[in-house]
Amino acid sequence: MTPMFRAEWVKIGRPRFFFGTLAAIAAVAALGAVLTMLSVGHSDYDGVPVTATALAAADGVMQGLEAVSILLGVMALAVTAAVIGSDFTHGTLRNQLIAYPHRLRLLAGKCLALAAFVTVMVTAAMAVAAAVSFAIAPATGVSTAAWHSSAGLVEIGKGYLNVLMASLGYATIGVLAGVVFRSPAAAVSVGLAYALPLEMLVSRIWSPAATWLPARLMDTFAAGAHGYHITYAAAGGRILLFCAAAVVVAAGLFRHRDITS
C-alpha cells in the first residue's frame with residue numbers, strides 16, 4: 001500500500017497539477033470570504049439578512065469557507081474522478097498491476113493519496129478564507145474579537161473538519177465514478193451531473209429527498225446542519241453509510257473486472 005501511495009503522489013505532485021489546483025482552490029476560498037464580508041447589510045441567497053453582529057460571532061470567520069463548500073466538494077470530486085479514470089484509459093493501472101499484483105492494496109494506496117491531497121486542498125482553502133476574512137472584516141464593520149478567542153478557535157476547528165469531511169465525501173463519489181466508468185471524461189461529467197443538477201432537481205421536486213441524497217447531505221454537514229431539516233449527527237451517519245457502500249462497490253468492481261488496456 002505504501003509504494004502505491006508514494007507512486008500516486010508522484011503523479012499528483014506534478015507542479016502544474018498540484019499548484020494549479022491549489023491556485024484555483026485559493027481563488028474560490030478568497031471569493032467566498034470577500035463576498036461573505038461584503039454581504040453585510042444585504043440578504044444571502046436564502047433571503048436571510050446578513051448583519052455585522054452575526055458575522056462577528058465566534059463562527060463568523062468560517063462563513064466564507066462554508067459558503068463555497070459545494071465548490072470545494074465539486075473540485076474534490078472532479079480531481080479524484082479524473083485521476084482514477086485516467087489510470088484506466090492511459091494503461092497506468094495495467095502496468096502497476098504487473099509490478100504490484102494486489103488490486104485492493106493498490107486501490108487503497110491511491111485513495112489514501114487522493115484523500116491526503118483533498119486534505120491539503122481544504123487546509124489551503126481554510127487558511128486563505130480566514131486570512132481574507134480577517135483582512136476585510138474591519139472595513140465592513142465586523143468585529144474580529146470573537147474570532148481569535150478560545151471559542152473562535154473551536155469554531156474554526158469545527159468548521160474546518162465539517163468542510164473536510166464533506167469534501168472527502170464528494171471525493172468518494174469521484175472514486176466510485178472513476179472505477180465505474182473507467183474514463184476521466186465520463187467519470188467527471190456523470191459525477192458532476194449527479195451531484196449537482198440531478199440531486200438538486202430531485203430535492204426541489206420532493207424536499208424530503210434532501211435528507212437522504214448523499215451530495216445534499218454533504219452540503220448540510222459542511223454547514224454544520226444549521227437551518228436544515230436534519231440533525232448534524234443524522235447527516236453524518238447517513239454520509240458514512242453512503243461512503244461505506246460506495247467503497248464496497250468500488251472495491252468489488254476494481255477487484256473483479258478485467259483490466260485490458
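Only heavy atoms go into these numbers, but all of them, side chains included; no hydrogens, no water, no symmetry mates. Along the sequence shown, the residues carry numbers beginning at 1. Keep in mind that what you see is a predicted model, and the values were worked out from it rather than measured.
- Checked against side-chain contact (heavy atoms from CB on, under 4.5 Å), A251 has the following partners two or more places apart in sequence or in another chain: L104.
- With contacts defined as side-chain heavy-atom distances shorter than 4.5 Å, the pair R182/T89 does not qualify.
- Sorted by first and then second residue, the side chain to side chain donor-acceptor pair (under 3.5 Å) pairs involving residues 237-256 (not counting sequence neighbours) form an empty list.
- A search for side-chain contact (heavy atoms from CB on, under 4.5 Å) contacts involving Y232 returns N162, F221, A225, not counting sequence neighbours.
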For residues 34-41, run the donor-acceptor check on the side chains, cut-off 3.5 Å, and write out each pair with its distance to 0.1 Å, sequence neighbours left out.
{"residue": "T36", "atom": "OG1", "partner": "G32", "partner atom": "O", "Å": "2.7"}
{"residue": "S39", "atom": "OG", "partner": "T36", "partner atom": "O", "Å": "2.5"}

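- For the salt bridge (Lys or Arg N to Asp or Glu O under 4.0 Å) condition, the pairs that include at least one residue of residues 187-214, sequence neighbours left out, are E199-R216.
- The CD1 atom of I136 sits 11.5 Å away from the CG atom of L55 when rounded to the nearest 0.5 Å.
- The two atoms that bring A209 and S203 nearest to each other are CB-CA, 4.3 Å, heavy atoms only.
- Judged as a salt bridge (charged side-chain N to carboxylate O under 4.0 Å, His left out), and not counting sequence neighbours, the contacts of K158 are E155.
- No chain of hydrophobic side-chain contacts below 4.5 Å, direct or via other Ile, Leu, Val, Met, Phe, Trp or Tyr residues, connects V202 to M200.
- Put simply, CG on L112 and CZ on F117 are 15.5 Å apart, with the number rounded to the nearest 0.5 Å.
- Put simply, F5 and L106 are part of the same group of oily side chains (I, L, V, M, F, W, Y) that touch within less than 4.5 Å, one to the next.
- Applying the side chain to side chain donor-acceptor pair (under 3.5 Å) test to every pair with at least one member in residues 133-147, sequence neighbours left out, gives no pairs at all.
- Scored by the side-chain contact (heavy atoms from CB on, under 4.5 Å) test, A234 finds I230, T231 as partners (sequence neighbours excluded).
- In the hydrophobic cluster analysis, where Ile, Leu, Val, Met, Phe, Trp and Tyr join through side-chain heavy atoms closer than 4.5 angstrom, F181 is grouped together with L253.
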Enumerate, atom names and distances included, each donor-acceptor pair closer than 3.5 Å involving a side-chain atom of residues 120-129, sequence neighbours excluded.
{"residue": "T123", "atom": "OG1", "partner": "T119", "partner atom": "O", "Å": "2.7"}
{"residue": "T123", "atom": "OG1", "partner": "Y160", "partner atom": "OH", "Å": "2.7"}

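- When the side chains of ILVMFWY residues are joined at heavy-atom separations under 4.5 Å, either directly or via intervening members, L72 and Y194 end up in two distinct hydrophobic clusters.
- Distance alone, capped at 3.5 Å, is enough to place a donor-acceptor pair between the T80 side chain and the A171 backbone.
- Scanning all heavy atoms of the two residues, the minimum distance from Y170 to A195 falls at CE2-CB, 4.0 Å.
- For the atom pair CE (M165) and CD1 (I239), the distance works out to 10.0 Å, reported to the nearest 0.5 Å.
- Rounding to the nearest 0.5 angstrom, the gap separating the CG atom in L196 from the CG atom in D219 is 8.5 Å.
- Of all heavy-atom pairs between T172 and A246, the closest is CG2-CB, 3.7 Å.
- Listed by first then second residue, pairs satisfying side chain to side chain donor-acceptor pair (under 3.5 Å) with a partner in residues 3-30 read E8-K11, E8-K110, K11-D87, not counting sequence neighbours.
- Tracing side-chain contacts under 4.5 Å through hydrophobic residues (I, L, V, M, F, W, Y), one reaches F17 starting from L22; they form part of the same cluster.
- Shown here are the ring pair (Phe, Tyr, Trp, His ring centres under 6.0 Å) partners of Y100, two or more places apart in sequence or in another chain: H102.
- Across every non-hydrogen atom of A186 and S189, the tightest pair is O-OG, 3.1 Å.
- Taking each heavy atom of V118 and S167 in turn, the nearest pair found is CG1-CB, 3.9 Å.
- With values rounded to the nearest 0.5 angstrom, T92 atom OG1 is found 10.5 Å from L97 atom CG.
- Within the 4.5 Å cutoff, the side chain of V28 has heavy atoms near those of the M75 side chain.
- In this structure, L240 has no side-chain contact (heavy atoms from CB on, under 4.5 Å) partners at least two apart in sequence or on a different chain.
- Looking only at side-chain heavy atoms (C-beta outward), I156 and V61 come within less than 4.5 Å of each other.
- In terms of heavy-atom proximity, G178 sits nearest to I84 at C-CG2, 3.7 Å.
- S69 contributes no side-chain N or O that, together with a main-chain N or O of L65, makes up a donor-acceptor pair within less than 3.5 Å.
- The line from CD1 of I173 to CE of M218 is 4.0 Å long, rounded to the nearest 0.5 Å.
- Annotation: R257, atom CZ; neighbour count of heavy atoms from other residues, nucleotides and ligands within 6.0 Å is above 12.
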